[in-house]
Amino acid sequence: MTSETPVLSVSSLVKRFGDVTAVDGVGFELMPGASLGIVGESGSGKTTTARILAGLDEPTSGTVLLAGEPVTGRSRRARLHRARLLQMIFQDPYGSFDPRQTIAESVAEPIRLHLPDLSGADRRARVAELLDQVGLSERAGGSPPRELSGGQRQRAAIARALGIRPRVLVLDEAVAALDVSIQAQILTLLDSLRRDTGIAYVFVSHDLAVVRHITDTAVVMRHGRIVERGDTETILRDPQHPYTRLLLDSIPVPGWDLDRVARDRRALDASR
């Protein structure tokens with residue numbers, strides 16, 4: 001795969017749950033080292049899209065290519081292949097950690113699974129390197145997840161995801177549950193890691209300020225469809241779709257006109 005080949009390519013993605021179409025014809029490309037934002041309110045289809053990318057949900061139709069190859073099937077081999085290329089970080093990673101393991105043991109687990117030829121000493125050295133990379137101490141590495149703060153657990157989740165050097169990291173509202181100051185620390189960390197490793201991000205969020213900070217390009221989703229796409233700064237500075245303008249107008253600022261926002265939302269819903 002050359003640097004001109006997308007590391008992730010999504011085409012005509014559809015996901016139906018019974019009579020409900022959660023994702024409807026979604027498509028985008030992600031180049032190596034790039035960062036794409038998927039923006040939308042609850043129910044827009046952004047998290048379902050992320051879950052399909054990670055293999056947690058199967059699409060009704062459409063294709064997902066990772067490093068130019070289709071990733072399909074639920075077999076162990078298919079799941080391992082996908083996980084080797086793409087890792088996902090959730091809003092609250094606590095449930096994804098084994099409470100019986102220390103953070104260091106949890107970080108080591110995917111390395112052991114995906115890189116079985118690595119010696120125990122090399123694996124321990126890799127874990128120590130990862131914890132240091134995300135700013136966690138040796139003491140934090142020896143602690144169970146319950147003893148860490150939310151920000152520390154998110155750092156640990158990032159370390160665990162980076163352990164096998166995936167090509168893509170999907171982050172689903174990864175800083176939404178954190179205090180603003182901790183959000184800033186995690187976003188700065190992610191920005192630094194992208195520069196240092198060349199990993200590509202898909203950043204799923206309803207928070208436009210976060211998306212502006214961490215992504216190069218963005219797609220805006222509403223009712224399962226992409227309604228606007230392009231350079232992140234351009235979209236947020238000069239939105240073309242009424243829904244994108246509504247998202248921006250919904251952010252409280254001095255002189256905020258809540259009644260006008262409510263009228264605009266009713267008008268937009270009526271035009272659907």
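This structure is a prediction, so every number in the text was calculated from the model and none was measured.
- Between Arg245 and Asp238 no salt bridge is recorded (no basic side-chain N to carboxylate O distance below 4.0 Å).
- Contact check for Arg84 versus Pro166: no side-chain heavy atoms found under the 4.5 Å cut-off.
- The heavy-atom pair separating Ala156 from Val107 by the smallest distance is O-CG2, 4.1 Å.
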* **Residue pair Thr48, Ile52: steps toward the side chain to side chain contact (heavy atoms under 4.5 Å, CB included) verdict** => CA-CA 6 Å; Thr48 301; Ile52 292 172; 4.3 Å; yes
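- Atom CG of Leu247 and atom CG of Asp207 lie 11.5 Å apart (nearest 0.5 Å).
- For Glu69 (side chain) and Leu65 (main-chain N/O), no donor-acceptor pair under 3.5 Å exists by modelled atom type.
- The pair Asp216-Arg194 meets the salt-bridge criterion, with a side-chain N (NZ, NE, NH1 or NH2) lying under 4.0 Å from an Asp/Glu carboxylate O.
- With hydrogens and angles left out, the side-chain atoms of Thr217 and Asp231 include no donor and acceptor closer than 3.5 Å.
- Among all heavy-atom pairs drawn from Arg146 and Pro99, the shortest one is NH1-O, 4.0 Å.
- At a threshold of 4.5 Å between side-chain heavy atoms, the hydrophobic network of Ile, Leu, Val, Met, Phe, Trp and Tyr places Ile89 and Leu30 in two separate groups.
- Taking each heavy atom of Thr197 and Gln133 in turn, the nearest pair found is CG2-NE2, 4.1 Å.
- The line from NE2 of His213 to CD of Gln183 is 10.5 Å long, rounded to the nearest 0.5 Å.
- Remark: side-chain polar atoms of Glu105 are paired, donor with acceptor, to backbone N or O of Thr102 under 3.5 angstrom.
- Between the Arg123 side chain and the Ile111 main chain, no donor and acceptor come within less than 3.5 Å of each other.
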* **side-chain hydrogen bond (donor to acceptor under 3.5 Å, both in side chains) evaluation trace for Arg16 with Ser61** => CA-CA 9 Å; Arg16 298 188 183 93; Ser61 60; 5.3 Å; no
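- Put simply, Leu178 and Leu136 are part of the same group of oily side chains (I, L, V, M, F, W, Y) that touch within less than 4.5 Å, one to the next.
- Each of Val202, Val23, Asp57, Val219 was checked for a side chain to side chain contact (heavy atoms under 4.5 Å, CB included) with Thr49, and the lone residue meeting it is Val23.
- With hydrogens and angles disregarded, no donor-acceptor distance shorter than 3.5 Å links the side chain of Ser192 to the backbone of Thr188.
- Summarising the geometry, atom CG belonging to Leu53 is positioned 8.0 Å from atom CE belonging to Met88; distances are rounded to the nearest 0.5 Å.
- Side-chain heavy atoms closer than 4.5 Å link hydrophobic residues (I, L, V, M, F, W, Y) into clusters, and following such links, even through other members, never connects Leu8 to Leu193.
- In the hydrophobic clustering of this structure, Val204 groups with Leu86; members are Ile, Leu, Val, Met, Phe, Trp, Tyr whose side-chain heavy atoms approach within less than 4.5 Å, directly or through other members.
- Asp92 contributes a side-chain N or O that, together with a main-chain N or O of Tyr94, makes up a donor-acceptor pair within less than 3.5 Å.
- In this structure, Leu36 and Phe28 have side chains that are in contact, with non-hydrogen atoms separated by less than 4.5 Å.
- Salt-bridge annotation for Asp264 and Arg260: present, with a side-chain N of the basic residue lying under 4.0 Å from a carboxylate O of the acidic one.
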* **Worked check of side chain to side chain contact (heavy atoms under 4.5 Å, CB included) between Val64 and Leu13** => CA-CA 8 Å; Val64 176; Leu13 203 63; 4.0 Å; yes
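- A salt bridge is defined here as a Lys NZ or Arg NE, NH1 or NH2 lying under 4.0 Å from an Asp or Glu carboxylate O, and Arg265 with Glu41 meets this definition.
- One distance of note links CZ of Arg237 with OG1 of Thr232; it measures 11.0 Å at 0.5 Å rounding.
- Under the 4.5 Å side-chain criterion, counting only non-hydrogen atoms from C-beta, Thr21 is not in contact with Thr60.
- When atom types are taken as modelled, the side chain of Glu228 and the backbone of Tyr243 share no donor-acceptor pair closer than 3.5 angstrom.
- Between Lys46 and Arg222 there is no side-chain heavy-atom pair separated by less than 4.5 Å.
- Nearest heavy atom pair, residue Phe97 against residue Ala157, reads CZ-N, 3.6 Å.
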* To do: Go through Arg51 and Val170 one step at a time and tell me if the side chain to side chain contact (heavy atoms under 4.5 Å, CB included) criterion holds.
  => CA-CA 9 Å; Arg51 289 179 59 84; Val170 177; over 6 Å; no
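- Between Val168 and Ile199 the shortest side-chain heavy-atom distance does not fall below 4.5 Å.
- To the nearest 0.5 Å, atoms CG (Leu80) and CG (Leu85) are separated by 11.0 Å.
- Nearest heavy atoms, Gln152 versus Glu147: OE1-O, 4.5 Å.
- A donor-acceptor contact shorter than 3.5 Å is absent between the side chain of Glu233 and the backbone of Arg212.
- Thr215 and Ser35 share no donor-acceptor pair across their side chains, judged by distance under 3.5 Å alone.
- Nearest approach of Val211 to Gly37, heavy atoms of both residues: CG1-CA, 4.4 Å.
- Here the side chain of Arg153 pairs a donor or acceptor atom with the backbone of Leu148 at under 3.5 angstrom.
- Note that CG of Leu66 and NE2 of His81 are 7.0 Å apart. Values are rounded to the nearest 0.5 Å.
- Between Val175 and Val210 there is a side-chain heavy-atom pair separated by less than 4.5 Å.
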* Evaluation steps, side chain to side chain contact (heavy atoms under 4.5 Å, CB included), between Gln101 and Ser106 -> CA-CA 6 Å; Gln101 291 185 322; Ser106 292; 3.3 Å; yes
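- The backbone N or O of Arg139 lies less than 3.5 Å from a partner atom in the side chain of Ser143, making a donor-acceptor pair.
- Counting heavy atoms from C-beta outward, Glu138 and Leu131 have side chains that stay 4.5 Å or more apart.
- Both Val261 and Leu248 belong to a single network of hydrophobic side chains, linked directly or stepwise wherever heavy atoms of I, L, V, M, F, W or Y lie under 4.5 Å apart.
- Pairs of residues two or more places apart, or lying in two chains, that qualify as salt bridge (Lys or Arg N to Asp or Glu O under 4.0 Å) and include a residue from residues 24-39 are Asp24-Arg225.
- The main-chain N or O of Pro144 is never found under 3.5 Å from a side-chain atom of Arg100 such that the two would form a donor-acceptor pair.
- Counting heavy atoms from C-beta on, the side chains of Val220 and Arg229 never come closer than 4.5 Å.
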